[in-house]
Protein chains: 4
Amino acid sequence: MIDFLPDKPIYQQIMEKIFGDLLKGNVKPGDRLPSVREYALEFGVNANTMQRVYKELELLHLTETKRGQGTFVTEDMQRLEELREEMKQTLVTTFLNQMESFGFTEEEIIVQLSSRKRGELN
Amino acid sequence: MIDFLPDKPIYQQIMEKIFGDLLKGNVKPGDRLPSVREYALEFGVNANTMQRVYKELELLHLTETKRGQGTFVTEDMQRLEELREEMKQTLVTTFLNQMESFGFTEEEIIVQLSSRKRGELN
Amino acid sequence: MIDFLPDKPIYQQIMEKIFGDLLKGNVKPGDRLPSVREYALEFGVNANTMQRVYKELELLHLTETKRGQGTFVTEDMQRLEELREEMKQTLVTTFLNQMESFGFTEEEIIVQLSSRKRGELN
Amino acid sequence: MIDFLPDKPIYQQIMEKIFGDLLKGNVKPGDRLPSVREYALEFGVNANTMQRVYKELELLHLTETKRGQGTFVTEDMQRLEELREEMKQTLVTTFLNQMESFGFTEEEIIVQLSSRKRGELN
DNA sequence: GTGGTCTAGACCACG
DNA sequence: GTGGTCTAGACCACC
């Protein structure tokens, strides 16, 4: 179920997965997340690696940690929406910049996008 | 003119830039590329870094080294086209996978893409 | 009314609050303090946490526990005065050491202190 | 020369020391800081601990790390000044809040401050 | 049981 | 040689 890319820090990949779960609503605001040790087992990583994941999530104000009780998803919906929007813009902007830097035309981009979507979604 | 992202290998960023120049036609097949030292100066990087760039470009068969004469862009147009297509697919696939993993809907993606394009291109 | 700092033990924060009440005279020597359970409810913390608060207060000879009757503020005024003086010195010394370790000049300290006081007190 | 307080993370204490050096001007903007390994030796801590120190300093935009070259003090003097001012305010505010929460009068604070200063500076 | 800190040591990517 | 990642395992503070 979990296979990490070799060229990207594991803790980042886990962060992104949890972040994705948050944005997709799989995890609700206020929910208690699994403990560091539980997640470490589930993902097959060291507890310290998970520790770091939670620390970074907290820096983004996505989670709050309550001493001795666990880690909780922020209830600040606005912050969540902000990050979601920010992420969307960043991904799209980065994508378009890359395409442009490699000289792909707008038409090519559209064609490729739609062909991929057909392949995926139909 | 050159500002490297801190989170990506410099040699890769330079590779991408040269690759982009190739794809965009700024550099023509058969053209002689600047020497390692020239480029190292231009980009303000270590000569070893440029060495690696050229090595990797050669592994992709994008360039050929002629002893004592310098490094030249491949004249194998087909190879160039192959890589161009491959790159296009990779970028688009990666982009869509990311968007999906963060739970963005197809509609959102379209809206964001078109709004960005308007901002950029008009 | 109660919001605990995340980076400091809750039991210490509660201790400081009660200590402050003592020093400010909100609570008089000989007064009976609320029971562990009452305080636990009021502060919204675990009863064990309050237990610890009382234990530490007793170690400081600030309170005395009478079996079956509850916890009472010490009537030893001298002890109270001692602790008050001690606390004052500790706080001031710590403050000055910190300011010094960050290289703030005596003048800066004075200016900042007086500007803050004006803002607060007038 | 270095003795760490037992009740505060070592990495924080080191951070504060370096931060203090920055604010005091012992280290100039643009200066290269000792490497992780050098500092680890000097402070007698693990290299990972120093790694963390540098990471946190970077989050504060106090340092910049150049791949394979080392860690450098930011040249953004404004950022430095900002943090200095912020730190000054935070320390003073925290100090006054604490004194107030323990019921010390303004006069007591002034007396204690000046007596400490005499002890220290004359 | 929870999260947080620290150490020791290995390995990698980069310049 | 530089910083960065990861693991393994110990120990602590808090609830």
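The sequence lines fix the lettering, A, B, ..., with proteins before strands; numbering per chain opens at 1. Values in this document were obtained by computation on a predicted structure and should not be read as measured data.
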May I have the list of side-chain donor-acceptor pairs in residues 20-41 of chain D shorter than 3.5 Å, sequence neighbours left out?
| unit_1 | atom_1 | unit_2 | atom_2 | d |
| --- | --- | --- | --- | --- |
| D:Asp21 | OD1 | D:Asn26 | ND2 | 3.2 |
| D:Asp21 | OD2 | D:Lys17 | NZ | 2.8 |
| D:Lys28 | NZ | D:Gly25 | O | 3.2 |
| D:Asp31 | OD2 | D:Lys28 | N | 3.0 |
| D:Arg32 | NE | D:Gln69 | O | 3.1 |
| D:Ser35 | OG | D:Arg37 | N | 3.4 |
| D:Ser35 | OG | D:Glu38 | N | 3.1 |
| D:Glu38 | OE1 | D:Ser35 | N | 2.9 |

In whole angstrom, give the distance that lies between atom [atom1] of [X] and atom [atom2] of [N].
X	N	atom1	atom2	answer
D:Asp7	F:dC14	CG	P	10 Å
A:Leu57	E:dG4	CG	P	12 Å
A:Phe72	F:dC15	CZ	C1'	12 Å
A:Glu56	E:dG4	CD	C1'	15 Å
D:Phe4	E:dT5	CZ	C1'	13 Å

Runs of at least three Watson-Crick or G-U pairs with DNA chain F, cut-off 3.5 Å: E:1-14 with F:1-14
List for me each residue that meets side chain to side chain contact (heavy atoms under 4.5 Å, CB included) alongside [X], sequence neighbours excluded, and say none if there are none.
X	value
C:Asn48	C:Asn46
A:Leu59	D:Leu59
A:Ser101	none
A:Lys55	D:Arg52, D:Lys55, D:Glu56

I'd like a list of close polar pairs between nucleotides 6-8 of chain E and the protein, N/O only, cut-off under 3.5 Å.
| unit_1 | atom_1 | unit_2 | atom_2 | d |
| --- | --- | --- | --- | --- |
| E:dC6 | OP1 | D:Ile10 | N | 2.1 |
| E:dC6 | N4 | A:Asn48 | ND2 | 3.3 |
| E:dT7 | OP2 | D:Asn46 | N | 3.4 |
| E:dT7 | OP2 | D:Thr49 | OG1 | 2.6 |
| E:dA8 | N7 | D:Asn46 | ND2 | 2.9 |
| E:dA8 | N6 | D:Asn48 | ND2 | 2.6 |

Could you tell me whether a side-chain N or O of D:Gln98 sits under 3.5 Å from a main-chain N or O of C:Leu91, the two making a donor and an acceptor? no
Is a side-chain N or O of B:Thr49 found less than 3.5 angstrom from the main chain of B:Val45, in a donor-acceptor match? no
Residues at least two apart in sequence or cross-chain that pass salt bridge (Lys or Arg N to Asp or Glu O under 4.0 Å) with A:Glu75, listed by chain then number, are none
Across all chains, not counting sequence neighbours, the salt bridge (Lys or Arg N to Asp or Glu O under 4.0 Å) partners of C:Glu58 are none
Ring pair (Phe, Tyr, Trp, His ring centres under 6.0 Å) pairs, two or more places apart, involving residues 51-95 of chain A: A:Phe95-B:Phe95
What's touching nucleotides 1-3 of chain F from the protein side, N or O pairs under 3.5 Å?
| unit_1 | atom_1 | unit_2 | atom_2 | d |
| --- | --- | --- | --- | --- |
| F:dG3 | OP1 | D:Val36 | N | 3.4 |
| F:dG3 | OP2 | D:Val36 | N | 2.9 |
| F:dG3 | O3' | D:Thr65 | OG1 | 3.4 |
| F:dG3 | N7 | D:Arg37 | NH1 | 2.8 |
| F:dG3 | O6 | D:Arg37 | NH2 | 3.1 |

Sequence neighbours excluded, every pair satisfying salt bridge (Lys or Arg N to Asp or Glu O under 4.0 Å) that has a member inside residues 62-73 of chain B: none
